[in-house]
Amino acid sequence: MGKESSSNPVPALQWLNRMVSEPYYLFHFLTFFSYFVIRSSATQVLALQVTHHLLRRVTLSLSLSLARTVLFADCLFYSFPLSQEIQTLLVFALLAFIKGVKEETWEAFIADALFLAKICLFVLAFTMDRRLAVWYILVFLVIHMLTQQPPFQGLGTSSKLTPLQLESLLTEGTTTRLWLVEFHASYSPACIRSSQQFPELSITYSSKNLSFGIVDLGLFPNAAEKFGISLSGSMGQLPTFILFENAAEVARFPELDFEATYFNPTITKRLLSRHFELDRHLLEYVNGK
């Protein structure tokens, strides 16, 4: 992971527990593991077919040549797929390492790693049998429809709010002067990838002048229009972060006129801190302003 998340390593046992308990991770693990079962079965079947075919075509006087031929055929069958598997594994490891260096959260890294693993599995399955590759595509589509990657579970010092609670906190003015609110949807891949950033940001910058809140637009979709947020994934407005000062919006990310592209900026703590000038707000609080 990136430097910002390297100080918060995720225990291996915790991820092992999530892999077993979360359907998203469990189904992916079983699907990837099934390749080795299928390959092992296919190896035994095809090896027997090769041997039987050769036995029918050779005479007893060529028994020595038969032994050499069978041995050569077996070596070809075992070495070529194994060589391709090793090459595919090395490519996957290299790309996963590059992604791991660039990504700042485990959620983003796992999403990228699973995507790369699916491509590698498809290549290997297609080499073995095109029908098998089609079946894997169908299996991954079913997993995508039935499950979703779990988001980061921590809240930091932020609070989960309903739209009514947020409106009450902003209008009554009995809390902090500034509220930074994340509007996300639990079904959005972009929100899941960045779900760790906002809680960690709240731990660093929360003060008596600045509070952090989270509103799930997946649970309250009607609130999206009120805050000028499109729930369409193609618009690139999930998640949206809005800074309120004395109940008035003073800044947001992404902007209202933001046009989604394939290469949208990655949401990081540094980006949000710079965009909302959180360091300045923290210094003002420390200096008593």
Is a side-chain N or O of Thr240 found less than 3.5 angstrom from the main chain of Phe183, in a donor-acceptor match?
no

Measure the shortest side-chain to side-chain distance between Phe109 and Lys102 over non-hydrogen atoms and say whether it is less than 4.5 angstrom.
no

Tell me whether Glu182 contacts the main-chain N or O of Cys191 through its side chain, where contact means a donor paired with an acceptor under 3.5 Å.
no

Could you check if a side-chain atom of Asp112 sits within less than 4.5 angstrom of a side-chain atom of Phe115, using non-hydrogen atoms only?
no

May I ask you to decide if Lys269's main-chain N or O and Ser273's side chain share a donor-acceptor pair within less than 3.5 Å?
no

Got a donor-acceptor contact below 3.5 angstrom from the Ser195 side chain to the Ile192 backbone?
yes

Check whether any side-chain N or O of His144 sits under 3.5 Å from a backbone N or O of Phe140 as a donor-acceptor pair, and report yes or no.
no

For Leu116 and Ala96 the tightest heavy-atom approach is CD1-N, 3.9 Å

Should Leu114 and Val139 be counted in the same cluster of Ile, Leu, Val, Met, Phe, Trp and Tyr side chains packed under 4.5 Å apart?
yes

Does a side-chain heavy-atom distance below 4.5 Å link Phe241 with Ile267?
yes

Treating Ser158 as the side-chain partner and Phe212 as the backbone partner, does any N or O pair qualify as donor plus acceptor under 3.5 Å?
no

Is the backbone N or O of Ser230 less than 3.5 Å from a side-chain atom of Gln237, with the two atoms forming a donor-acceptor pair by type?
yes

Is there a side-chain contact between Val91 and Cys120, using heavy atoms and a 4.5 Å cut-off?
no

For Phe27, does its backbone N or O pair with a side-chain atom of Thr31 as donor and acceptor, under 3.5 Å?
yes

When every non-hydrogen atom of Phe198 is compared with those of Leu180, the smallest separation belongs to CZ-O, 3.3 Å

Is a side-chain N or O of His275 found less than 3.5 angstrom from the main chain of Arg252, in a donor-acceptor match?
yes

For Pro150 against Glu107, the heavy-atom pair lying closest together
O-CG, 4.2 Å

Within the side chain of Ser159, is there an N or O that forms a donor-acceptor pair under 3.5 Å with the backbone of Leu161?
no

